[in-house]
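Following: one structure in structure tokens, then a few remarks.
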Amino acid sequence: MSRLSAGLLLYRTGSADQIEVLLVHPGGPFWKGKNRHAWSIPKGEYLEGQDPLGEAEREFAEEIGVSAPGGPRIDLGSVRQASGKQVHAWAIEAGSWTVSELASNEFEMEWPPKSGRMLMFPEVDRMEWMTIPEALPRIVKAQAGFFDRLREALDSESGPLGNA
């Protein structure tokens, strides 16, 4: 059985009417200095039978430090990552929503390996608004499919949206 994960993709219209998305970078020593295909939507794992949207909302608050903005959630469906993990996402228009400081939860791990030292690391060490062209080389490859689905959903709701 594959692992299940759910997340939220916040978006807003940036300069030149391009869509900007909010992505997060995983914390911890394994991800330090890695940017290419390392970023993700804020998300986390859940168990079969749990409410995926509810878990996506909870994970967002844990990773960012504040609740996601209100408003409609656009179901973007699921993608399967190379690891086999199934990721389901919902898009939310951020509007004027802002967060002044990232306040991610932490996890504990032995570092360096086999040292016997247990250290705490933030689950997310950075978040950033970026245009979709900026995000494409940075997001986990399979999650890039959410960008096309977001554009399709926005186009169907209100006509073509800029040159995102």
Side-chain angles (χ1 to χ4, degrees), residues 2-27 31-46 51-105 122-164:
S2 65
R3 296 181 324 190
L4 303 172
S5 187
L8 302 177
L9 175 61
L10 268 61
Y11 71 93
R12 67 184 184 191
T13 303
S15 60
D17 290 329
Q18 285 197 337
I19 299 170
E20 294 181 337
V21 293
L22 181 71
L23 297 183
V24 296
H25 184 271
W31 296 101
K32 188 176 174 94
K34 293 180 183 168
N35 277 312
R36 190 163 183 77
H37 302 299
W39 293 68
S40 175
I41 64 172
K43 64 171 182 46
E45 291 187 9
Y46 68 95
D51 172 34
L53 179 54
E55 292 303 306
E57 301 271 356
R58 180 186 58 75
E59 286 288 340
F60 184 94
E62 286 181 3
E63 291 187 355
I64 304 298
V66 296
S67 296
R73 274 54 178 147
I74 302 169
D75 190 339
L76 300 177
S78 297
V79 297
R80 182 173 303 280
Q81 296 185 166
S83 67
K85 182 186 289 186
Q86 190 84 13
V87 180
H88 198 105
W90 288 264
I92 305 169
E93 184 174 15
S96 62
W97 179 90
T98 60
V99 60
S100 58
E101 187 176 323
L102 179 66
S104 178
N105 59 336
E123 190 171 342
V124 168
D125 63 11
R126 289 179 278 162
M127 67 178 175
E128 187 176 323
W129 285 102
M130 55 189 85
T131 64
I132 290 176
E134 293 168 335
L136 282 170
R138 294 164 86 180
I139 194 164
V140 172
K141 287 181 182 181
Q143 291 180 34
F146 292 136
F147 299 154
D148 292 332
R149 295 175 191 178
L150 172 62
R151 284 190 283 227
E152 289 169 11
L154 296 176
D155 284 349
S156 70
E157 285 182 3
S158 60
L161 184 72
N163 57 0

What I'd like to find out is whether the side chain of Leu8 reaches to under 4.5 Å of the side chain of Leu53, using heavy atoms alone. yes

Euclidean distance, Glu93 CD relative to Leu10 CG, rounded to 0.5 Å: 10.0 Å

Tell me, do Met127 and Leu23 make a side-chain contact under 4.5 Å, heavy atoms counted? no

To the nearest 0.5 Å, what is the distance between CD on Gln18 and OG1 on Thr13? 10.5 Å

A side-chain contact here means heavy atoms from C-beta on lying under 4.5 Å apart; do Tyr11 and Glu20 qualify? no

What distance separates Ile74 CD1 from Ile92 CD1, expressed to the nearest 0.5 Å? 9.0 Å

Tell me, do Asp75 and His88 make a side-chain contact under 4.5 Å, heavy atoms counted? yes

Test: Glu63 and Lys43 ion pair at under 4.0 Å: no

Is there side-chain contact between Glu128 and Leu22, with heavy atoms separated by less than 4.5 Å? no

Does Arg138 count as lying over the ring of Trp39, i.e. NZ or CZ under 6.0 Å from the six-ring centre, within 45 degrees of the axis? yes

Partner set under side chain to side chain donor-acceptor pair (under 3.5 Å) for Asp51, not counting sequence neighbours: none

Hey, is Glu62 close enough to Arg58 for a salt bridge, meaning N to O under 4.0 Å? yes

I'd like to check Ile41 versus Val24 (side-chain heavy atoms, cut-off strictly below 4.5 Å). Are they in contact? no

Which residues pass the ring-ring contact (aromatic ring centres under 6.0 Å, His included) test with Trp97, not counting sequence neighbours? Phe60

Answer whether the closest heavy-atom distance between the side chains of Glu59 and Tyr46 falls below 4.5 Å. no

Sequence neighbours left out, what passes side chain to side chain donor-acceptor pair (under 3.5 Å) with Gln143? Give chain and number order. Ser40, Gln81

